[in-house]
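For reference, the structure discussed in these notes is given below.
All heavy atoms count here, side chains included; hydrogens, waters and symmetry mates do not.
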Amino acid sequence: MISQAQGLAANSIGTVSVEGGKVSGVETDVSGVEVFKGIPFAGPTGGENRFKPPQPVVKWDGVKKADTWGDQVLQDIHGNPTGQFWGDEFYFDPAFLPKASENGLNLNVWTPANRKGEKLPVYVWIHGGGNHHGYGSEMEFYASKLAAKGIVVVAIQYRTGVPGFLALPELSAESPNKVSGNYAMLDQITALKWVRDNIAGFGGDPKNVTIGGQSAGARNSTMLLRSPLAKGLFHRAVIESGFTGLLPSPMTPLADREKQNAKAIEQVFGKPMSLADLRAIPTDDFISKTAADGKTQLYEALHKAANIPAQHAIDGYVFTDKSVDLLRPHALDGIDIMMGGTSDEYTSLMGGPDKTMTDAEFAEAMGKLGYDEAWKQVYRPSNPLEAYRMSLRAKSDYNLQAYLVSAETAKKRNKDFNIYAYYFNNAPPGRNSEFYGSFHSSDLWYFFNSLRNKESQRFWTGADFRMAETMSSYLANFVKTGNPNGKGLTKWPQASAANDGSFMRFHDGYATVVTGTPYPERDKLNRDTILRVNKLKDPVAGK
């Protein structure tokens, strides 16, 4: 079992000096790959440090044996119980479910290096979870096989929910930069600075760093591309299921977010709350207590109330009006990107195998996506069950074209820039695969090469292991050079007009270069809609 792997090779790195003290690692289930678990990159975030930028690491004496996953950041660790889809998929093993606290700004390092200063490429992973939950030691992120391909993998954590994003006038007033909110982004930037200053001790190269994330982690990766504070801390990015690609992402001016958050806080508690009041709340109360309505968990109520209209705030410091536009000319020069998503993002996010839709409900769903009347000739369900499933697939089809259009547009507007697009269309086996298909997050098993023949995981097939080996090889190559191609792999062209908008389709265990999905009429409708809604010219047409 990878959660209790015994030593397979001598510790090759030994003791590493990092900010705060010294650490030593433990072996993994892959010979020659060590993992250092739960290394703090910043101090505690509770009490007087709550709703503040990350504080310095608390120093320790002696050598910290990094053999235990660090605490999750504050969240409900039982929010995805077994017996439900996500619990059965990712959260069934207690060995991968550390406790949560306000001491969660830590990271994990997997390294295949034989010595310090080996200068191996570095992959910094940013977990997903809707900026509501998630942590760096989830079992699908177990990176020993990925690291064995010659890269150092670092999985970081950051504050989620209200602790990561609350903006208030009182908070901005006490800030030296007169800003508040965006604490989750400051956590991630601090982690990247830790990598810059400390990763050489693990055999990594601080001058060859790739960031990557999935879902909210993908969105946060694009936010790091948007932040002037992160400039120079990484050199390429992997964006998995970020929904909007490089197109504009919802953001709020800081002044508006301060007003909205102040109103939301008062509604949740049923009374005005000062900053001192908010910092005095015991950590456990966020999970164990309810809001003023007497029924909604306090953490959940605060997240829902303060999450509208958008978590990230344009504050002139972490983000500026100019920096947030990733499609402006030369915005991404010097950065390489790998980007894509799954074919069935919403089956696991919104779905249920038995759900249905009436004709009227289906038409309303199509209208919300932004389609004009042309959808009626493309998405034509024959019954209420198919209507519901088709509405979910349409949303994923729309996302794919957002990735492709934004990738091709960025390729046209940047000179020193490489971008590769993919479409994950490889349904994992079992657990009602016929409905769930290539669900949101299913690609994580394959990119990380973390699937194992282990009790309670899916009954993986040879095609799955082949797909994982292929996808993790593309990823490792990209982390090394900004180009996913390598020996024994199907050549992956860039997403560009010159290549007719080609992208990689991962399907049935194989990688195939395509210029469209098996549904060209859907591709055209969604592409036309993306172009119209975002007022863009087709970057491929008239090449």
Side-chain angles (χ1 to χ4, degrees), residues 85 89 128 140 214-215 218 238-243 245 338-351 353 378-379 386 389-408 419-451 458 460-475 478 484 489-493 495 499-527 530:
F85 183 86
E89 187 68 18
E140 70 275 22
Q214 183 266 347
S215 193
V238 178
I239 303 168
E240 301 177 39
S241 297
F243 298 116
M338 179 191 292
M339 179 170 65
T342 75
S343 58
D344 301 283
E345 301 277 14
Y346 296 92
T347 53
S348 56
L349 293 175
M350 303 170 60
V378 176
Y379 292 101
E386 186 183 15
R389 297 182 176 196
M390 191 173 284
S391 73
L392 298 180
R393 174 56 77 92
K395 290 171 70 68
S396 291
D397 294 344
Y398 188 92
N399 291 155
L400 174 62
Q401 293 305 316
Y403 307 144
L404 297 178
V405 168
S406 62
E408 295 152 8
I419 187 161
Y420 300 84
Y422 72 86
Y423 178 58
F424 183 78
N425 186 213
N426 189 90
R431 299 182 187 165
N432 202 342
S433 180
E434 184 273 330
F435 169 73
Y436 286 104
S438 301
F439 60 89
H440 184 70
S441 303
S442 59
D443 55 327
L444 293 170
W445 289 117
Y446 300 86
F447 273 127
F448 272 93
N449 207 349
S450 54
L451 44 92
R458 291 172 181 262
W460 305 110
T461 68
D464 294 302
F465 284 105
R466 182 176 66 240
M467 190 82 272
E469 183 63 26
T470 298
M471 290 173 61
S472 61
S473 294
Y474 278 126
L475 175 57
F478 180 79
L489 297 171
T490 301
K491 184 173 176 56
W492 186 344
N499 294 323
D500 297 315
S502 295
F503 58 97
M504 188 65 78
R505 182 189 183 201
F506 298 121
H507 179 68
D508 284 352
Y510 293 100
T512 307
V513 178
V514 297
T515 57
T517 74
Y519 305 96
E521 67 283 357
R522 297 182 184 180
D523 295 342
K524 184 179 186 309
L525 171 66
N526 284 287
R527 187 178 188 87
I530 289 286

**Study point:** Step-by-step side-chain contact (heavy atoms from CB on, under 4.5 Å) determination, S441 to Q214
**Key:** CA-CA 7 Å; S441 303; Q214 183 266 347; 3.1 Å; yes

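- No donor-acceptor pair under 3.5 Å is formed between the side chain of S433 and the backbone N or O of G430.
- The distance from atom CE of M471 to atom CG of N449, rounded to the nearest 0.5 Å, is 10.0 Å.
- The closest donor-acceptor contact from the side chain of R527 to the backbone of Q401 lies at 3.5 Å or more, if one exists at all.
- Here the side chain of D344 pairs a donor or acceptor atom with the backbone of S438 at under 3.5 angstrom.
- Once rounded to the nearest 0.5 Å, the distance linking CE of M504 with OH of Y422 reads 12.5 Å.
- Relative orientation of the F506 and Y474 rings is tilted, given thresholds of 30° and 60° on the angle between their planes.
- The closest side-chain heavy-atom distance from M338 to E240 is not below 4.5 Å.
- By the 4.5 Å heavy-atom criterion applied to side chains, Y423 and T342 are not counted as neighbours.
- Here the OH atom belonging to Y519 is positioned 9.0 Å from the OG atom belonging to S343, to the nearest 0.5 angstrom.
- The closest side-chain heavy-atom distance from S241 to E345 is below 4.5 Å.
- A distance below 6.0 Å separates the ring centres of F85 and Y436.
- Atom CD of E89 is separated from atom OG of S442 by 8.0 Å, given to the nearest 0.5 angstrom.
- A donor-acceptor pair under 3.5 Å is absent between the side-chain atoms of W492 and the main chain of A511, judged by distance alone.
- Y510 places none of its side-chain heavy atoms less than 4.5 Å from the side chain of T470.
- Annotation: side chain to side chain contact (heavy atoms under 4.5 Å, CB included) contacts of S502 (sequence neighbours excluded): P493, N499, V513, T515.
- Contact detail for L489 and P484: the closest heavy-atom pair is CD1-O, 3.9 Å.
- One distance of note links CG of N526 with CG of L404; it measures 10.5 Å at 0.5 Å rounding.
- A pairwise comparison of heavy atoms in P428 and D464 identifies CA-OD1, 4.4 Å as the closest pair.
- Using a cutoff of 4.0 Å between basic side-chain nitrogens and carboxylate oxygens, R393 and E386 are not scored as salt-bridged.
- Of all the heavy atoms in L349 and H440, the pair that sits closest is CD2-CD2, 3.6 Å.
- Here CH2 of W460 is found 12.5 Å from CE of M467. Values are rounded to the nearest 0.5 Å.
- A donor-acceptor pair is defined here as one N or O able to donate and one able to accept, closer than 3.5 Å; such a pair exists between the side chain of D523 and the backbone of T517.
- The nearest pair of heavy atoms linking T347 to F435 is CG2-O, 3.4 Å.
- In terms of heavy-atom proximity, Y403 sits nearest to F243 at OH-N, 3.1 Å.
- Judged purely by atom type and a 3.5 angstrom limit, R505 has no side-chain atom pairing as donor or acceptor with the backbone of T512.
- Checked by atom type and distance alone, the side chain of N426 pairs as donor or acceptor with a backbone atom of D508 at under 3.5 Å.
- The six-membered or imidazole ring of F424 lies near that of Y446, with a centre-to-centre distance under 6.0 Å.
- Side chains of K395 and S391 form no contact here, defined as non-hydrogen atoms less than 4.5 Å apart.
- Annotation: side-chain hydrogen bond (donor to acceptor under 3.5 Å, both in side chains) contacts of N399 (sequence neighbours excluded): Y346.
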**Study point:** Derivation and outcome, side-chain contact (heavy atoms from CB on, under 4.5 Å), residues Y379 and R522
**Key:** CA-CA 8 Å; Y379 292 101; R522 297 182 184 180; 3.5 Å; yes

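- Taking each heavy atom of N432 and P353 in turn, the nearest pair found is ND2-CG, 3.3 Å.
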